A.B. asks: 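Sharing a structure with you now.
Given the structure is predicted, the values throughout are model-derived calculations rather than measurements.
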Amino acid sequence: MAPALIPATALSAPGRPGANDRVVLGFIGTGVQAKSHLAAFMAEYPIAEIRAFGRGQKNLDALIAHARDLGLDARAATSPEDALSGPDI
(Lines give C-alpha, C1' and ligand atoms only; values in the text may rest on other atoms or scores of the structure.)
Protein backbone atom coordinates (compact mmCIF):
# COMPACT_ATOMS: atom_id res chain seq x y z
CA MET A 1 0.00 0.00 0.00
CA ALA A 2 2.83 2.45 0.72
CA PRO A 3 3.89 3.04 -2.93
CA ALA A 4 0.48 4.54 -3.66
CA LEU A 5 1.05 7.19 -0.99
CA ILE A 6 3.44 9.15 -3.16
CA PRO A 7 1.03 9.60 -6.09
CA ALA A 8 -1.87 10.38 -3.74
CA THR A 9 0.22 13.00 -2.01
CA ALA A 10 1.36 14.56 -5.28
CA LEU A 11 -2.17 14.70 -6.66
CA SER A 12 -3.31 16.81 -3.72
CA ALA A 13 -0.20 19.00 -3.49
CA PRO A 14 -0.60 22.77 -3.34
CA GLY A 15 0.62 24.65 -6.39
CA ARG A 16 -0.70 22.06 -8.82
CA PRO A 17 -0.01 22.73 -12.49
CA GLY A 18 -2.92 24.24 -14.38
CA ALA A 19 -5.00 22.50 -17.05
CA ASN A 20 -3.13 24.30 -19.84
CA ASP A 21 0.37 23.64 -18.52
CA ARG A 22 2.74 21.21 -20.21
CA VAL A 23 3.43 18.87 -17.31
CA VAL A 24 6.53 16.69 -17.10
CA LEU A 25 6.36 13.63 -14.84
CA GLY A 26 9.44 11.94 -13.39
CA PHE A 27 9.48 8.26 -12.46
CA ILE A 28 11.88 6.33 -10.29
CA GLY A 29 10.82 2.75 -10.64
CA THR A 30 9.20 1.25 -13.71
CA GLY A 31 7.71 -1.93 -12.29
CA VAL A 32 4.17 -3.22 -12.04
CA GLN A 33 2.58 -0.04 -10.66
CA ALA A 34 4.21 2.44 -13.05
CA LYS A 35 1.53 2.22 -15.75
CA SER A 36 -1.32 2.66 -13.27
CA HIS A 37 0.47 5.62 -11.69
CA LEU A 38 0.89 7.16 -15.13
CA ALA A 39 -2.84 6.69 -15.81
CA ALA A 40 -3.73 8.29 -12.47
CA PHE A 41 -1.56 11.32 -13.13
CA MET A 42 -2.89 11.65 -16.68
CA ALA A 43 -6.44 11.71 -15.30
CA GLU A 44 -5.55 14.75 -13.17
CA TYR A 45 -2.88 16.62 -15.13
CA PRO A 46 -2.10 17.44 -18.77
CA ILE A 47 0.97 15.18 -18.81
CA ALA A 48 3.05 15.84 -21.91
CA GLU A 49 6.31 14.06 -21.08
CA ILE A 50 7.75 11.44 -18.77
CA ARG A 51 11.32 10.80 -17.69
CA ALA A 52 11.86 7.42 -16.14
CA PHE A 53 14.64 5.63 -14.32
CA GLY A 54 14.46 1.98 -13.41
CA ARG A 55 16.79 -0.91 -12.66
CA GLY A 56 15.13 -3.36 -15.04
CA GLN A 57 15.68 -2.53 -18.70
CA LYS A 58 12.66 -4.58 -19.84
CA ASN A 59 10.27 -2.66 -17.56
CA LEU A 60 11.90 0.66 -18.42
CA ASP A 61 11.53 0.00 -22.15
CA ALA A 62 7.92 -1.10 -21.65
CA LEU A 63 6.98 2.07 -19.73
CA ILE A 64 8.67 4.32 -22.31
CA ALA A 65 6.88 2.50 -25.16
CA HIS A 66 3.55 2.69 -23.32
CA ALA A 67 3.93 6.43 -22.75
CA ARG A 68 4.81 6.99 -26.39
CA ASP A 69 1.78 4.93 -27.44
CA LEU A 70 -0.29 7.37 -25.37
CA GLY A 71 1.18 10.25 -27.37
CA LEU A 72 3.61 11.45 -24.71
CA ASP A 73 7.23 12.41 -25.10
CA ALA A 74 9.16 9.84 -23.09
CA ARG A 75 12.78 9.17 -22.37
CA ALA A 76 14.85 6.93 -20.17
CA ALA A 77 16.83 8.81 -17.55
CA THR A 78 20.46 7.93 -16.87
CA SER A 79 20.09 8.23 -13.08
CA PRO A 80 17.47 8.94 -10.41
CA GLU A 81 18.73 12.51 -10.32
CA ASP A 82 18.27 12.82 -14.09
CA ALA A 83 14.69 11.53 -13.79
CA LEU A 84 13.84 14.12 -11.16
CA SER A 85 15.81 17.06 -12.48
CA GLY A 86 13.22 19.39 -13.95
CA PRO A 87 9.92 17.49 -13.91
CA ASP A 88 6.89 19.17 -12.40
CA ILE A 89 5.85 16.01 -10.59
Side-chain angles (χ1 to χ4, degrees):
M1 201 58 117
L5 293 176
I6 294 171
T9 301
L11 288 172
S12 62
R16 295 169 51 136
N20 295 321
D21 292 338
R22 184 181 190 280
V23 177
V24 179
L25 176 61
F27 274 90
I28 295 179
T30 56
V32 174
Q33 295 180 355
K35 288 181 183 177
S36 60
H37 287 174
L38 177 57
F41 281 111
M42 288 183 72
E44 293 291 322
Y45 297 104
I47 303 295
E49 177 185 344
I50 71 161
R51 300 174 191 168
F53 177 81
R55 295 180 301 170
Q57 191 65 47
K58 182 177 178 180
N59 285 340
L60 177 60
D61 292 344
L63 181 61
I64 296 296
H66 177 68
R68 287 178 179 160
D69 287 346
L70 294 172
L72 305 177
D73 293 332
R75 73 171 177 85
T78 58
S79 68
E81 295 81 11
D82 182 32
L84 299 181
S85 177
D88 303 296
I89 303 171

A.B. asks: Which atom pair, heavy atoms only, marks the closest approach of A77 to A83?
C.D. replies: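 Looking at all heavy atoms of both residues, the shortest contact is CB-N, 3.5 Å.
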A.B. asks: Shortest non-hydrogen contact from I47 to L72?
C.D. replies: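 For I47 and L72, the tightest heavy-atom pair comes out as O-CD2, 3.1 Å.
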A.B. asks: Transitively linked via ILVMFWY side-chain contacts under 4.5 Å: M42 with F27?
C.D. replies: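 M42 clusters together with F27.
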A.B. asks: Going by salt bridge (charged side-chain N to carboxylate O under 4.0 Å, His left out), name the residues that satisfy it together with R75, two or more places apart in sequence or in a different chain.
C.D. replies: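 Result, salt bridge (charged side-chain N to carboxylate O under 4.0 Å, His left out) vs R75: D82.
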A.B. asks: Going from OH on Y45 to CG on D88, what distance comes out if it is rounded to the nearest 0.5 angstrom?
C.D. replies: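 Nearest 0.5 Å value for the OH-CG distance: 9.5 Å.
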A.B. asks: Within the 4.5 Å heavy-atom criterion, are V23 and P46 side-chain neighbours or not?
C.D. replies: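 With C-beta onward as the side chain, the pair touches.
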A.B. asks: Got a second to check how far K35's NZ is from L70's CG, nearest 0.5 Å?
C.D. replies: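 Going from NZ on K35 over to CG on L70, the span is 9.5 Å.
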A.B. asks: Write down the atom of I28, the atom of P80, and the distance for their closest heavy-atom approach.
C.D. replies: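 Result for this residue pair: CD1-CB, 3.7 Å.
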A.B. asks: Report all side-chain donor-acceptor pairs from residues 51-63 shorter than 3.5 Å, counting only partners two or more places apart or in another chain.
C.D. replies:
{"unit_1": "R51", "atom_1": "NE", "unit_2": "E49", "atom_2": "OE2", "d": "3.0"}
{"unit_1": "R51", "atom_1": "NH1", "unit_2": "S85", "atom_2": "O", "d": "2.9"}
{"unit_1": "Q57", "atom_1": "NE2", "unit_2": "D61", "atom_2": "OD1", "d": "2.8"}

A.B. asks: How many angstroms lie between CD1 in I50 and NE2 in H66, if you round to the nearest 0.5 Å?
C.D. replies: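 NE2 of H66 is found 8.5 Å from CD1 of I50.
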A.B. asks: Provide the full list of salt bridge (Lys or Arg N to Asp or Glu O under 4.0 Å) pairs with a residue in residues 62-74, sequence neighbours left out, each pair given once.
C.D. replies: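 Matches after skipping sequence neighbours: R22-D73.
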A.B. asks: If you look at every heavy atom in G26 and P87, which pair is closest and at what distance?
C.D. replies: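 Nearest pair, atom of G26 first, then P87: N-CB, 3.6 Å.
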